[in-house]
There are 2 protein chains.
Amino acid sequence: MTHNTAPPDELTFWSFVDYAVHKAERELPSVNAEAMRMVLTLNRATSMVVYDLESSIHRPRGWTWPGFRVLFALWLAGPMEAKTTAEISGMSRAALSALLNTLERDGLLSRERATHDRRALQLSLTEEGYGAILGVFRAHNRRESAWAQALEPEERRELVRLLNKLMAGSTDAKAKFRN
Amino acid sequence: MTHNTAPPDELTFWSFVDYAVHKAERELPSVNAEAMRMVLTLNRATSMVVYDLESSIHRPRGWTWPGFRVLFALWLAGPMEAKTTAEISGMSRAALSALLNTLERDGLLSRERATHDRRALQLSLTEEGYGAILGVFRAHNRRESAWAQALEPEERRELVRLLNKLMAGSTDAKAKFRN
DNA sequence: TCAGCTTCATCAAACATTTGATCATCTGGG
DNA sequence: CCCAGATGATCAAATGTTTGATGAAGCTGA
């Protein structure tokens with residue numbers, strides 16, 4: 001690629017994917033442009049949704065997106081071992097360990113040693129955690145609904161189907177998973 | 001929601017979305033379950049793709065996912081103002097500022113004051129940055145290709161279309177954007 | 001039994017991100 | 001001309017994440 005290629009006059013968040021895919025195709029004939037477009041678009045869409053939900057719902061309440069995910073899992077599935085919480089909320093055990101310090105300090109959940117295995121941690125929401133999660137989730141779900149309305153019901157189902165198929169394919173491809 | 005609901009015996013990363021959606025529907029009749037399913041699935045799929053790419057491609061080379069995004073943008077679009085870089089790579093100006101410290105320290109890019117506006121920063125790849133990005137991108141794109149193969153070509157196009165429609169709808173919904 | 005291996009959790013250091021504040025520079029209206 | 005407000009960048013503090021190391025507890029087979 002030439003070092004001195006000038007960027008187009010109007011390069012914005014919205015035009016970048018098209019620009020990048022076309023440019024990469026010109027410069028690198030061997031590039032898989034459709035894979036590049038898929039991953040770029042997937043990331044941008046998710047990043048927008050997450051940023052909007054976190055900044056409009058969770059941060060103003062003193063919560064974070066990862067903290068919400070943990071409290072949400074505990075709310076739905078009840079007390080459970082920390083290892084399970086980490087797995088279902090999609091984070092490493094080390095990341096959860098750090099996150100628990102904040103959530104415990106804020107009085108939203110408690111950690112206790114499990115009785116059957118003294119290595120394991122048992123997590124449960126405190127009364128304060130129970131009191132808070134319902135209201136936060138309602139606001140969160142209202143915001144989710146606003147996003148979902150961009151698609152027709154059939155399109156939403158198809159999007160979910162395609163995303164699930166993408167995830168399922170990864171196991172075949174031996175993708176790297178979290179510890 | 002009852003405080004003492006026991007979690008199902010087999011609650012895993014893969015079964016959690018179905019479990020959560022059904023349980024939320026039972027407990028909260030007013031929930032928009034399809035929106036909930038869409039956002040949960042979108043996040044999980046993206047998180048898997050990003051984690052796999054970052055841990056298998058970028059971290060082993062001493063790079064990070066956000067760092068790659070910035071270098072990738074500079075590689076494709078050429079030298080540009082930091083403000084533009086932040087916008088097209090989807091990060092806040094403050095986040096970019098911190099990220100630039102690392103990238104500059106590692107000798108991958110340089111920042112200089114712009115001539116026409118002494119507040120603005122002009123970013124450009126160093127020779128070392130140019131030398132590195134091509135190889136990293138090729139490996140990155142090969143990995144993207146493996147993910148993309150989970151879907152049929154027509155499904156990939158449909159996924160991209162739906163994600164773009166989702167993003168486009170957000171502007172109508174007055175979603176919160178980054179600074 | 002117990003030594004070695006595995007598993008659970010935490011720690012440490014480096015990094016990226018957020019919000020809100022601050023400083024420097026530019027720009028436009030009186 | 002010049003001051004007020006807008007804009008670009010950075011900083012500070014708090015948070016969450018990663019990888020690799022460490023310590024504690026459980027398990028297994030000779």
Side-chain angles (χ1 to χ4, degrees), chain A residues 43 46-48 50-71 80-87 89-106 108 111-123 176-179, chain B residues 43 46-48 50-71 80-87 89-106 108 111-123 176-179:
Chain A
N43 268 285
T46 303
S47 161
M48 284 182 65
V50 170
Y51 183 80
D52 174 63
L53 282 164
E54 176 156 28
S55 64
S56 68
I57 305 294
H58 301 297
R59 295 274 183 178
R61 291 166 170 80
W63 287 23
T64 63
W65 175 267
F68 170 74
R69 272 168 29 217
V70 165
L71 297 167
M80 70 184 94
E81 286 189 18
K83 185 184 160 85
T84 308
T85 310
E87 189 196 335
S89 49
M91 54 182 60
S92 73
R93 194 57 195 76
L96 178 60
S97 210
L99 186 49
L100 290 177
N101 293 331
T102 311
L103 297 174
E104 192 177 28
R105 184 205 60 197
D106 293 346
L108 297 166
R111 38 179 168 189
E112 305 166 355
R113 289 280 152 201
T115 52
H116 63 290
D117 183 340
R118 285 177 304 166
R119 292 170 306 180
L121 268 192
Q122 184 78 5
L123 303 182
K176 201 160 179 331
F177 293 100
R178 280 193 176 76
N179 302 324
Chain B
N43 267 285
T46 302
S47 160
M48 284 181 66
V50 170
Y51 183 80
D52 174 63
L53 282 164
E54 177 156 27
S55 64
S56 68
I57 304 294
H58 301 298
R59 295 274 182 180
R61 291 166 171 79
W63 287 23
T64 63
W65 175 267
F68 169 74
R69 270 166 33 215
V70 165
L71 296 167
M80 70 184 94
E81 286 189 19
K83 186 184 159 85
T84 308
T85 310
E87 189 195 337
S89 48
M91 54 182 61
S92 73
R93 193 58 195 76
L96 178 60
S97 210
L99 186 48
L100 290 177
N101 292 331
T102 310
L103 298 174
E104 192 178 28
R105 184 205 61 196
D106 293 345
L108 297 166
R111 38 181 166 188
E112 306 167 356
R113 289 279 152 202
T115 53
H116 63 291
D117 183 339
R118 284 177 304 167
R119 291 170 305 182
L121 268 193
Q122 184 78 6
L123 303 183
K176 200 161 181 327
F177 293 100
R178 281 192 174 77
N179 302 326

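So that the names make sense, note that chain A is the first sequence line, chain B the second, and so on, each numbered from 1.
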How many Å lie between [atom1] on [X] and [atom2] on [N], as a whole number?
X        : N      : atom1 : atom2 : answer
A/Glu87  : C/dT7  : CD    : P     : 14 Å
B/Trp65  : C/dT17 : CH2   : P     : 12 Å
B/Leu103 : C/dA14 : CG    : P     : 17 Å

- Donor-acceptor contact below 3.5 Å, side chain B/Arg113 vs main chain B/Arg118: yes

- Query: Quick check: does any side chain N or O of B/Arg111 sit under 3.5 Å from a backbone N or O of B/Leu121, one acting as donor and the other as acceptor?
  - Reply: no

- Using the ring of each side chain (for Trp, its six-membered ring), is A/Trp65 parallel, tilted or perpendicular to A/His58, with breaks at 30° and 60°? perpendicular

Find every protein N or O atom lying less than 3.5 Å from an N or O atom of nucleotides 26-29 of chain C, and list the pairs.
| unit_1 | atom_1 | unit_2 | atom_2 | d |
| --- | --- | --- | --- | --- |
| C/dC26 | OP1 | B/Arg118 | N | 3.0 |
| C/dC26 | OP2 | B/Arg118 | NH2 | 2.9 |

- Message: Quick check for you: to the nearest 0.5 Å, what is the distance between A/Leu103 atom CG and A/Trp63 atom CH2?
- Response: 8.5 Å

- Message: Please enumerate all residues that pass salt bridge (Lys or Arg N to Asp or Glu O under 4.0 Å) together with B/Glu87, with sequence neighbours excluded.
- Response: none

- Test salt bridge (Lys or Arg N to Asp or Glu O under 4.0 Å) applied to A/Glu112 - qualifying residues, sequence neighbours left out: none

- Query: Considering only heavy atoms, which members of residues 53-64 of chain A lie under 4.0 Å from some atom of DNA chain C?
  - Reply: A/Ser55, A/Arg59

- Message: Please tell me whether A/Gln122 and A/His116 have a donor and an acceptor in their side chains that are separated by less than 3.5 angstrom.
- Response: no

- Query: First and last nucleotide of DNA chain D in contact with chain A, 5' to 3', at under 4.0 Å to a heavy atom: what are they?
  - Reply: D/dT15 to D/dG26

- Query: What are the residues of residues 93-102 of chain B, sorted by number, that bring a heavy atom to within less than 4.0 Å of DNA chain D?
  - Reply: B/Arg93, B/Ala94, B/Ser97

